[in-house]
Amino acid sequence: MYLAVRRRVSSIFTVNKAVAYGLKTTRRQNDGLRPVHRQFNTLLTSNSIRLRSHHVPSAPIRHVHVRALSYSSIPKFMLRALRVPVGAATVGAGGLTYANYQFEEIRKKSNEWLSTVQDTAGELFNTASDTFKSVSSVISGSVADIKLPDIEAPQFLKDLFSGPKNDNKQNGQEGGPDSGQRSSRPDGKDVVIAGLAADHFTSSDSTADDSADPRNGLMHLTRRLIEIRSMLLSIDKSDALRLPSIVVIGSQSSGKSSVLEAIVGHEFLPKGSNMVTRRPIELTLINTPAKDGKEPEVYGEFPALGLGKISDFSRIQRTLTDLNLAVPSTEAVSDDPIDLRIYSPHVPDLTLIDLPGYIQISSADQPETLKEKIAALCDKYIQEPNIILAVCAADVDLANSTALNASKRVDRLGSRTIGVITKMDLVPPEQGVQILSGEQYPLELGYVGVVCKPPGKQDRTESTAQLAQQTERDYFRSHREFASNSSLMVSTDRLKKLLIKVLESSMASSLHGITNAVQLELEDAQYQFKVQYNDRRITAESYFAETTDLLKARFKEFATQFRKPQIRAKLREMLDVRVMEVLETLYWSDKRTTTELTALADDPKVKPNSVDLNWRRKLEAASSLVTKSGVGRDSTQLIAGGIHALMDSIVSGEPFTYHPRAAKSLVQFSHTILRERVGVTLDQVENCIKPYKYEVEVNEREWEIGRTEAVKLFENEIKMCVDKLKEIASKVGGGRRLSNLVSYVKMLEESDREKKARMLKGDAASEAPVDEYRYPPAQILDARRAMLFSERLNILKLRLGALKSKRCRAGPENDAICPEVFLSVVADKLAYTAAMFIDIELLDHFLREFPHVIDSRYSFDSKDIAEFARENPRIREHLNLQERKDKLEEAMKQLNSLATLRPDIKERTPQRKSWIH
Ligand SMILES: Nc1nc2c(ncn2[C@@H]2O[C@H](COP(=O)(O)OP(=O)(O)OP(=O)(O)O)[C@@H](O)[C@H]2O)c(=O)[nH]1
């Protein structure tokens, strides 16, 4: 299976796959991932297009996937034509071959058009080189200095770039003396800059179209990568599976929120003086295209909270504020991100992370280390591959910008940092121009100036955002300094476009590495799933259903213990104890009574009618003690208690030990049902046994059954006494020792009696000395208990003899002489009647109702079921691994499908068919 899974890898990943296996083996053997990874990159280097910038000889060479260059370094108008084949080239070395093929195809079919394009490109390169200079000092020499030619580069690309300057073409094609060292694969900076270059050659209008047009190949790729990014984030928080995002940093009140809101076009971020941004907000913007000419709904979603679509942005703001303020002010910041997605036709596909603003000093109610905590949190996010949006207010000296200083530490050359200068309206235009020129702190991606504050009173309507945009537009148009200098990047719109480009380039350059990492993780997850679970899939629902079935099965089994005969036996047991207590109280409390009673049973001359009236009264008293002692209440409660105990035992075993809440609810449900029925039942039982309180008629058959039961009861009692005596004997050290002890205790008692008698006579002097300490006191106590048991044993034996005598066998007329038989019959009648009504009123109802309650009241929605299943650690681990594997498979599928972007586009844009085929 494992091998089969390996085989499934698409052919376009042939190289990746081979290396991935190498990696896998290596990792398993010695955990040596890094060296092999490098090997993989080296392998790909040979297939990559190389880009050289003379102005950054010291820039570290970063291996960039061919896709990165293919999108971003080609002028916009060519991108339109090339986006599809270039898209296909994104995912590996195989893709490059395909891209070359497509370039060649295009070149052949578009020769005429190309010559026009070359001319145009030449002109544009020339005219735009000035603009480009101001964007980045690195490429200030002109685009012509970018040395593209490389043996792997598509001919078409070489031709295109060589248009403006033939020298370059020559250099590139021939390799030049230094091309071996300097002409290397493009690094991230080159890619991003190339993207910028493309952007500069494009009219702003056309770029705006791109951001809005969902069919655009670039956006399509970015969108797909954003989706993959979200998927990967949900799999793993580690850096290994991370695609780039745009991280917004800046000092408090520098205008971060205003910039983000201007990008989104809505006010939705937490506002307030009490440091309201305490957690990173991972904001995913998803462009939703119009369908059938209808503008789609604009809404936000918090996937982790399950609040559904929220169209009211003030509610989004409140939720964000609550989530942030939930971090106690003693901690002040937390690195647990809030995931927010916004769907709108007016936003580009972007991922942005808003972070707490840098502070200079903590206030009194904030932790002293807050400044460092915020800096550490920002540092965590500004690492590669993320793009840094360093927000600085125009009215604050850039030298004091914490954001720029932080970004400089991790991005020395500023190749992935965009400076955003807010509050441009607060400084004179000349000063603004000066800041944007980036002379003070050069950034390769440059600075964008914005004005994000709407005029006058703010409200939360969309028109406020539009008003703010209009204000910004008016501001930059009305100032000659900005309008006349096209090299300056100003306005939120401009910023959006730049972000789209930079993110796209950066994502593309990460694509290769991420594909590789996902492949490795996937293989690992598949292997683990096979080894640990033999590829057996489960769902939370299936586990829930299994558990419910188990519960019902246990309940069914439990029901068999509560059938009528079992209840009757239980009640009989309870009443037998009561009968023995009554006998003890009324008949055996006095030894003489026992002897007299036994003598009566033995004397054939005594007729039942001639029994002393006193005895008759005693019998009646005994009977009413049994019947009038709350049999209804006690028997009902006895059975209800039994049900409780059984319910407890049902839910105390696995798997309910993992589900304490569910177990508690089940027990509560059973209690509720029983509570509702117990009152009714005990009243019914009490009513039905009422006649027995006044008169109990006993026939011959009942008498004989009662006698047999009484004999059994006495035999049991005798056995219990014998067992007790044996137990005491073994405790004190044997039967002989026990009889010595008993003799000794008797002697003590005798001496006590004599002493008392002598004292009564006033004859204290002749008291005989007794050795009171011959045995330990505990053993003397045991001896006393043994004496009681043996006395009881004698009585029981005596009475058992009577029960077996002719007299007691004779029939119910001997009730006064054989009270045990009579009371046994009474107990039997009570048990029978009570069992019947308890069965009808309590058990039948409970056994019918409870399974019904499990199905109805214990209803779970899918979220509850998922939570329930995950309470069981065994299931949780299984589900986690299964979900991880599924997500990785999906991510891999998505990554693979990027190679098929082309047919995707083709379907939607038939006019492009001509050159695709
Ligand atoms: N004049 C002017 N004021 C602005 C501009 N942008 C933002 N502001 C104001 O600056 C203040 C701070 O802006 P925010 O967007 O809340 O700044 P922040 O960096 O998000 O602040 P914290 O979240 O507290 O770190 C607000 O009063 C905004 O109205 C701008 O372009 N011009």
Side-chain angles (χ1 to χ4, degrees), residues 576-603 606 612 614-615 618-619 621-622 625 710-805 807-808 817-820 823:
D576 281 347
V577 172
R578 192 159 297 177
V579 165
M580 290 308 281
E581 281 167 7
V582 169
L583 288 169
E584 202 164 305
T585 322
L586 289 176
Y587 297 97
W588 304 337
S589 49
D590 186 345
K591 272 185 218 162
R592 276 170 312 171
T593 314
T594 318
T595 3
E596 273 173 31
L597 196 59
T598 311
L600 272 178
D602 286 344
D603 189 351
V606 178
D612 184 1
N614 192 28
W615 277 114
K618 274 200 169 189
L619 185 64
L625 269 177
V711 168
K712 266 195 234 160
L713 179 64
F714 272 69
E715 282 172 348
N716 265 347
E717 283 287 318
I718 288 171
K719 186 175 175 303
M720 271 161 56
C721 280
V722 171
D723 289 347
K724 277 284 168 199
L725 283 169
K726 279 185 189 161
E727 189 188 306
I728 296 171
S730 88
K731 190 178 165 199
V732 297
R736 185 182 287 270
R737 170 112 178 149
L738 181 60
S739 60
N740 288 344
L741 269 164
V742 169
S743 314
Y744 174 70
V745 170
K746 281 181 181 165
M747 190 193 79
L748 283 181
E749 283 174 356
E750 185 56 31
S751 115
D752 228 25
R753 267 194 301 277
E754 285 172 8
K755 193 172 155 190
K756 275 180 195 157
R758 276 196 300 276
M759 275 172 74
L760 281 173
K761 282 188 213 161
D763 184 12
S766 59
E767 190 183 333
V770 179
D771 178 8
E772 288 189 16
Y773 304 104
R774 199 191 305 167
Y775 295 101
Q779 290 200 347
I780 293 188
L781 268 180
D782 286 334
R784 287 190 197 282
R785 280 178 56 224
M787 284 162 71
L788 285 175
F789 278 119
S790 71
E791 259 172 42
R792 188 177 172 82
L793 188 61
N794 288 339
I795 295 171
L796 288 168
K797 280 180 177 167
L798 216 57
R799 288 309 300 160
L800 181 64
L803 285 172
K804 288 179 175 175
S805 72
R807 175 55 64 83
C808 285
I817 299 163
C818 308
E820 299 88 350
L823 290 177

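Throughout, residue positions are numbered sequentially from 1 according to the sequence presented.
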Asks: Check K724 with E727, please: is the shortest side-chain N to carboxylate O separation under 4.0 Å?
Replies: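 Yes, this pair counts.
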Asks: Could you state the interatomic distance from CG (L625) to CG (L823), rounded to the nearest 0.5 Å?
Replies: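 Separation between the atoms: 9.0 Å.
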Asks: Do the non-hydrogen side-chain atoms of L583 and F714 ever get within less than 4.5 Å of each other?
Replies: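 L583 reaches F714 side chain to side chain.
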Asks: Check R799, K804, E820 against V711 for a side chain to side chain contact (heavy atoms under 4.5 Å, CB included) and give me the one that passes.
Replies: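 Considering R799, K804, E820, a side chain to side chain contact (heavy atoms under 4.5 Å, CB included) with V711 is found only for K804.
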Asks: Carefully, step by step, assess D782 and L741 under the rule side chain to side chain contact (heavy atoms under 4.5 Å, CB included).
Replies: CA-CA 9 Å; D782 286 334; L741 269 164; 5.7 Å; no
Asks: About how many Å separate OG of S805 and CG of L800, when rounded to the nearest 0.5 Å?
Replies: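 Answer rounded to 0.5 Å: 10.0 Å.
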Asks: Closest approach of A802 and C808, non-hydrogen atoms and distance?
Replies: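 Heavy-atom minimum between the residues: O-SG, 3.1 Å.
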Asks: Would you compute the distance between atom NZ of K756 and atom OG of S751 and round it to the nearest 0.5 angstrom?
Replies: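 Here the interatomic distance stands at 10.0 Å.
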Asks: What pair of heavy atoms forms the shortest contact from F789 to I728, and how long is it?
Replies: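 Here F789 and I728 meet closest at CD1-CD1, 4.0 Å.
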Asks: For side chain to side chain contact (heavy atoms under 4.5 Å, CB included), just list the numbers for M580 and L796, CA-CA rounded to whole Å, side-chain angles, deciding distance to a tenth of an Å, and then say yes or no.
Replies: CA-CA 11 Å; M580 290 308 281; L796 288 168; 3.8 Å; yes
Asks: Mind running side chain to side chain contact (heavy atoms under 4.5 Å, CB included) on K719 and V722 for me, showing each step along the way?
Replies: CA-CA 5 Å; K719 186 175 175 303; V722 171; 5.7 Å; no
Asks: Looking at R753, I'd like to know if its CZ atom is crowded, meaning that more than 12 non-hydrogen atoms belonging to other residues, nucleotides or ligands lie closer than 6.0 Å.
Replies: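 Yes, enclosed.
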Asks: To the nearest 0.5 Å, what is the distance between OG (S743) and CE (M787)?
Replies: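 Nearest 0.5 Å value for the OG-CE distance: 9.0 Å.
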Asks: Check A783 against V745 and note the closest heavy-atom contact, atom names and distance.
Replies: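 Scanning both residues completely, I find the closest heavy atoms to be CB-CG2, 3.7 Å.
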Asks: To the nearest 0.5 Å, how far apart are CD in E791 and CD1 in I795?
Replies: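 One finds 6.5 Å between CD of E791 and CD1 of I795.
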Asks: From L713 CG over to I718 CD1, what is the distance, rounded to the nearest 0.5 angstrom?
Replies: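 Between L713 CG and I718 CD1, I get 10.0 Å after rounding to 0.5 Å.
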Asks: Considering residues at least two apart in sequence or located in another chain, which fulfil the side chain to side chain contact (heavy atoms under 4.5 Å, CB included) criterion with E754?
Replies: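 For E754 the side chain to side chain contact (heavy atoms under 4.5 Å, CB included) partners, ignoring immediate neighbours, are E750, R758.
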Asks: For the pair E749 and R784, evaluate side chain to side chain contact (heavy atoms under 4.5 Å, CB included) and give the outcome as yes or no after the intermediate values.
Replies: CA-CA 10 Å; E749 283 174 356; R784 287 190 197 282; 3.1 Å; yes
